[in-house]
Amino acid sequence: MSKIKKFMYVNRRAPYGTVYALESLEVVLIGAAFDQDVSLAFIGDGVYQLKSDQDSSDSDQKNFSPIYQALGDYDVSKLYVEKESLEERGLTLEELMPLTYEDEDDDWAEKDSIRVVSRDEMAELMDQQDVLFNF
Amino acid sequence: MSKIKKFMYVNRRAPYGTVYALESLEVVLIGAAFDQDVSLAFIGDGVYQLKSDQDSSDSDQKNFSPIYQALGDYDVSKLYVEKESLEERGLTLEELMPLTYEDEDDDWAEKDSIRVVSRDEMAELMDQQDVLFNF
Amino acid sequence: MKFAIQINEGPYQHQATDTAYHFTKSALEKGHEVSRVFFYHDGVYNSSRITTPPQDDRHIVNRWAELAEAHSLDMVVCVAAAQRRGVVDDGEAERNGKDATNIHPAFRISGLGQLIEAAVEADRLMVFGD
Amino acid sequence: MKFAIQINEGPYQHQATDTAYHFTKSALEKGHEVSRVFFYHDGVYNSSRITTPPQDDRHIVNRWAELAEAHSLDMVVCVAAAQRRGVVDDGEAERNGKDATNIHPAFRISGLGQLIEAAVEADRLMVFGD
Amino acid sequence: MSILHTVNKSPFEKNSLDECLTHSTDGCAILLLEDGVYAAMQGTNVESAVKDAMASKKVYALGPDIKLRGLSTDRIIDGIEVVDFAGFVDLSESNDKVQAWL
Amino acid sequence: MSILHTVNKSPFEKNSLDECLTHSTDGCAILLLEDGVYAAMQGTNVESAVKDAMASKKVYALGPDIKLRGLSTDRIIDGIEVVDFAGFVDLSESNDKVQAWL
């Protein structure tokens, strides 16, 4: 485990209809202990994972969206959200959960974890990775 | 079990990638013993189930397409295939397996089981059923 | 009104079995009859008594078992689908020489004819899947 | 070259595990190393020793076990996914008070860290799913 | 002879909604549930297809699934009726049969 | 830094191929397998999208899956290379990483 690898978790599924989003997040949390260079991509229906106001009070599935808000504490601070995917779904950045982290290189200033990127930029980001995780 | 019901098995999935086509066919075979008015609909990727020349010699999944050819012997003789679904996939009727049955009301003449219908006709046929099976 | 229920997917991976459960519960609460719940395809996994979900999560298997107990539900697991996927009762274990069983006693294993029969006799067949 | 394999779906329902098997077998035959096969999500069902597929069908579980035996493959089943879905070994049965186990001895249950570790150490991570 | 059609998949991921809309006849009922509820929202790429269907078909969406996903009932397409599971049961009763576009 | 993209779903049923094509860069490799092989055939509604992609990307299809489904290699889009599992392994080796569009 010498070299630090660039790990990207690619999220393309809506939450709740299937378990992939939740169990993928469990991998991210465990993976955070491994000191790799981690980022998350939200493409297609994956952007729905970050929708604010998820509410399980009328359901019995667990609302797991608070876990995304804890990612900053695990040093997972690069969440790339695709602009076109938001637009196709009529969503704006303001409708996503506000996710932040404290930047240790900048006197622990609180910064946004979500970075909206274009589809072309997303494709470039994927090209730059060492490992792509798919669920 | 007094009244004879109109049962339609709706096939919308390609074979082999998932088990639904095969396990749906197992229901049709068992159901044939129940003396209902049975038909099968092939919509969307379901039309691929009837493609001729399926060949498992380089795979280890079983080629189950011969079972469709046996349906006539089970008095399952109404297989509705959607015209638009074929066209979107670049398929013609000639590329499907020839499926026949012997018509007991017509001196056991051999007749085609496959009936190509338009999307609108398919919708009407679905409306006329008592039970729709989905897999 | 008499409902028959078919479930095509296993627990936790797909929401289908959650939806089926809430539909069934709601139908019963409204005074309808649910003549059979038939577990097909990966749906057979809903019957495993040896599942242990996280404590803060729903227990899908026990939930079905409790609903069946309260309403004398007939919950049938397809034998062919169950054999392929390792859902086993005492009879199947003996027949196929298996050294363990995993089915919950609230469920029974039987043939596909049970699905057809349920569809013939019920007023509505409801299918829940992926 | 060193491969790590991840399988997200169970046997028979999806072709994913067939594809993963043939890829793994082919990689080994070409002289590559397969450092770990990690079963996640419904993939955990691939490890059940009590499956009985039809006699004219492939036996997906035994096939994995034989490949592992021949090549000393490390086949790991995710513990969290396995608990939710009723895949149990002796240790899990004891911990969770279950009266049966169903895992095939060719597989072992462990944590998600095993997937991360495999991805860190391997040259390629191959994911097979739905 | 009316059908209740159910759609439980996202219209962006799978063709279920599209196949439902092209195979349902005037006067039928369509229930969006599970990930299918995303099709009920305003401003999406499929909004116009859903609105076109609503000229001759009645569209419903399952409330608990909308809420679970953080979608606001204020942002649902006008005319789509939100129902709970009891309403789902009623729809299954008031239509003659059910077609699940899995 | 080239990627091998894999697509295992029918382009008519799911959006996997579409998302693959819009997120892959020039010079990459795309392998169609399982139900994904239907996209390799001539005369379909997605043929032009696949051909457009082939201007800058190399497309492969898995032979055993083509044969299993009764598709004829004569009817595959010109320029798509049919590979077996050994070829799949080689593609995984010759590209730096793999993105599975599940």
If one checks every heavy atom of A/Leu132 against chain D at 4.5 Å, the contacting part turns out to be backbone

Is the distance between the ring centroids of D/Tyr21 and D/Phe128 less than 6.0 Å? no

Count the heavy-atom pairs under 4.5 Å between each of D/Asp130, D/Asp42, D/Leu112 and chain A, then report the option with the highest count. D/Leu112

Bottom line for D/Arg124: the part with an atom under 4.5 Å from chain A's heavy atoms is neither

With respect to chain A, which residue among D/Cys78, D/Gly113, D/Gly129 yields the maximal number of heavy-atom pairs within a distance under 4.5 Å? D/Gly113

Return the minimal non-hydrogen interatomic distance between A/Tyr101 and A/Gly72, and the atom names on each side. CB-CA, 3.9 Å

Which atoms of A/Phe7 come close to chain D, meaning under 4.5 Å heavy atom to heavy atom: side chain ones, backbone ones, both, or neither? side chain

Separation of D/His104 NE2 from D/Asp89 CG (nearest 0.5 Å): 14.0 Å

Are the aromatic ring centres of A/Tyr16 and A/Phe64 under 6.0 angstrom apart? yes

Pick one of side chain, backbone, both or neither for D/Glu9, based on which atoms fall under 4.5 Å of a heavy atom in chain A. side chain

Here the pair of heavy atoms bringing D/Tyr12 nearest to D/His59 is OH-CA, 3.6 Å

Side chain, backbone, both or neither: which part of D/Ala122 has an atom under 4.5 Å from a heavy atom of chain A? backbone

Which bit of A/Val27 comes within less than 4.5 Å of chain D, counting heavy atoms only: side chain, backbone, both or neither? both

Show the nearest heavy-atom pair for residues A/Lys5 and A/Gln36, with the distance to one decimal. N-OE1, 2.7 Å

